[in-house]
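As structure tokens, the structure follows; a few thoughts come after it.
All residue numbers refer to positions in the sequence shown, counting from 1. Atoms within each ligand, like the ligands themselves, are counted from 1 in listed order. Heavy-atom basis, side chains included; hydrogens, waters and symmetry copies ignored.
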Amino acid sequence: MSRWDPDNLPSQAGKTVVVTGAGRGVGYFVSEQLAASGARVIMTTRDARQRDAAAAAICAEVPAADLEFVTLDLASLASIRDAANQLRALGPIDVLINNAGKTSGSSRRELTADGLEVMVGTNAYGPFALTALLFPALSQRARVVSLGSMATRLTKADIADLQQESGSYSVSKAYAYSKHGMHAFAFELDRRLRAAGSGVQSLLAHPGFALDGSAPRRAGVTDRNSAGRRLLERALRPMAHGKNRGAWPVVRAAIDPDAAGGEFYGPSRSVTGPPVLVSAVPQSAAASFGAEFWRLAEDSTALKFDIPAS
Ligand SMILES: NC(=O)c1ccc[n+]([C@@H]2O[C@H](COP(=O)([O-])OP(=O)(O)OC[C@H]3O[C@@H](n4cnc5c(N)ncnc54)[C@H](OP(=O)(O)O)[C@@H]3O)[C@@H](O)[C@H]2O)c1
């Protein structure tokens with residue numbers, strides 16, 4: 001495998017990249033780094049003020065940035081359909097980065113607009129739906145990069161009750177289940193693409209433990225946390241890195257010419273460090289888990305992938 005320098009990216013001039021959840025966090029820095037490498041970056045956000053702050057911050061760092069914006073709420077299939085229509089019109093898409101994710105939530109079980117458990121609905125079924133709808137707009141050698149998490153190491157998923165419809169609800173379990181869903185999605189999509197002989201690749205990446213407070217300041221983007229959250233982040237700093245570095249494995253999975261479908265990139269020291277190949281927990285990497293996740297996602301979204309055999 002080639003050496004990879006996250007501070008010296010190969011030129012992406014002529015490429016179109018879609019980054020979901022691009023208004024803040026890891027998604028913002030993925031967008032900034034890819035814009036600096038010359039890609040046209042289509043940033044999806046939920047909120048116009050957040051979009052404007054992120055756009056201003058990128059343009060301050062990368063005056064020649066080529067940016068487009070689309071509104072997307074992954075907790076609504078109607079919003080996903082609207083966004084997909086707009087994104088298709090801006091294609092062909094060379095890289096789709098399924099970064100957006102609900103990272104905290106209520107201790108009560110809540111639902112998306114379509115009645116799905118909100119973490120799994122937003123973080124797993126939402127990206128499944130978006131990718132299915134965008135599949136026809138992907139270029140022939142496109143990459144789909146999905147965001148996994150080490151939370152999958154701490155909690156096993158119950159694939160028979162991914163939305164926690166029975167028993168007592170736990171939001172941390174819901175988050176871990178949603179990330180098992182993303183792992184299953186990325187690996188099952190890779191298996192299906194290979195089986196069809198497709199040139200499209202599906203990869204997984206995780207940011208390690210990444211904080212806003214350890215990242216370089218970007219006005220309106222990294223400085224939005226409450227005083228309590230800032231205090232917590234200060235205490236956590238020794239074991240974490242900034243979201244700018246959390247973006248590194250995502251960017252590597254997206255554009256390293258030596259990366260391949262089915263690979264998983266993360267920080268070298270698990271939570272921090274330069275981006276390297278890592279391994280996923282066996283549970284959600286298993287073909288049987290992936291096939292069951294795919295069936296559940298199709299049922300929950302009423303969408304199917306159309307992967308033409310080549
Ligand atoms: N940071 C870490 O240590 C870490 C570790 C492992 C995995 N991850 C994963 O990495 C990704 C980015 O994490 P992060 O730290 O950047 O999280 P973050 O700071 O909480 O940002 C989450 C992003 O997702 C967007 N989002 C949330 N709900 C959404 C919805 N319903 N529809 C569309 N967008 C939505 C947010 O947009 P708004 O501004 O509109 O809320 C925001 O842009 C997530 O998938 C997360 O699970 C992060």
Open item on the list: For atom 14 (P) of ligand 1, what's the nearest protein heavy-atom neighbour? Residue, atom name and distance, please.
Closed with: K243 NZ, 3.7 Å

Open item on the list: Tell me the contacting part of P207 for ligand 1: side chain, backbone, both, or neither, using a 4.0 Å heavy-atom threshold, strictly below.
Closed with: side chain

Open item on the list: Can you check which of M182, R224, R24, R49 brings a heavy atom nearest to atom 36 (C) of ligand 1?
Closed with: R24

Task: Centroid separation F128 to W294 less than 6.0 Å - done: yes

Open item on the list: Among all protein heavy atoms in this structure, tell me which lies nearest to atom 47 (O) of ligand 1, with the distance rounded to 0.1 Å.
Closed with: Y175 OH, 2.6 Å

- [ ] Measure the distance from atom 31 (N) of ligand 1 to every protein heavy atom, then report the residue, atom name and distance (to 0.1 Å) of the closest one.
- [x] D73 OD1, 2.9 Å

TODO: Measure the acute angle between the ring planes of H180 and H183, then classify it against the limits of 30° and 60° as parallel, tilted or perpendicular.
DONE: tilted

TODO: Return the residue, atom name and 0.1 Å-rounded distance of the protein heavy atom closest to atom 17 (O) of ligand 1.
DONE: T103 CG2, 3.6 Å

Open item on the list: I need the nearest protein heavy-atom contact for atom 43 (O) of ligand 1: residue, atom name and distance, please.
Closed with: G21 O, 3.0 Å

Task: Closest protein heavy atom to atom 33 (C) of ligand 1, given as residue, atom name and distance to 0.1 Å - done: L72 O, 3.4 Å

Task: Contact (N/O only, under 3.5 Å) between L147 and ligand 1 - done: no

Open item on the list: Suppose I only count heavy atoms of T122 and a 4.0 Å limit; which atoms of ligand 1 are within that range?
Closed with: 30 (C), 31 (N)

Open item on the list: Within ligand 1, which atoms have a heavy atom of G25 less than 4.0 Å away?
Closed with: 16 (O), 19 (O)

Task: Which residue and heavy atom of the protein sit nearest atom 40 (O) of ligand 1, plus the separation - done: R46 NE, 2.9 Å

Open item on the list: How far is atom 22 (C) of ligand 1 from the closest protein heavy atom, and which atom is that?
Closed with: G101 O, 3.4 Å

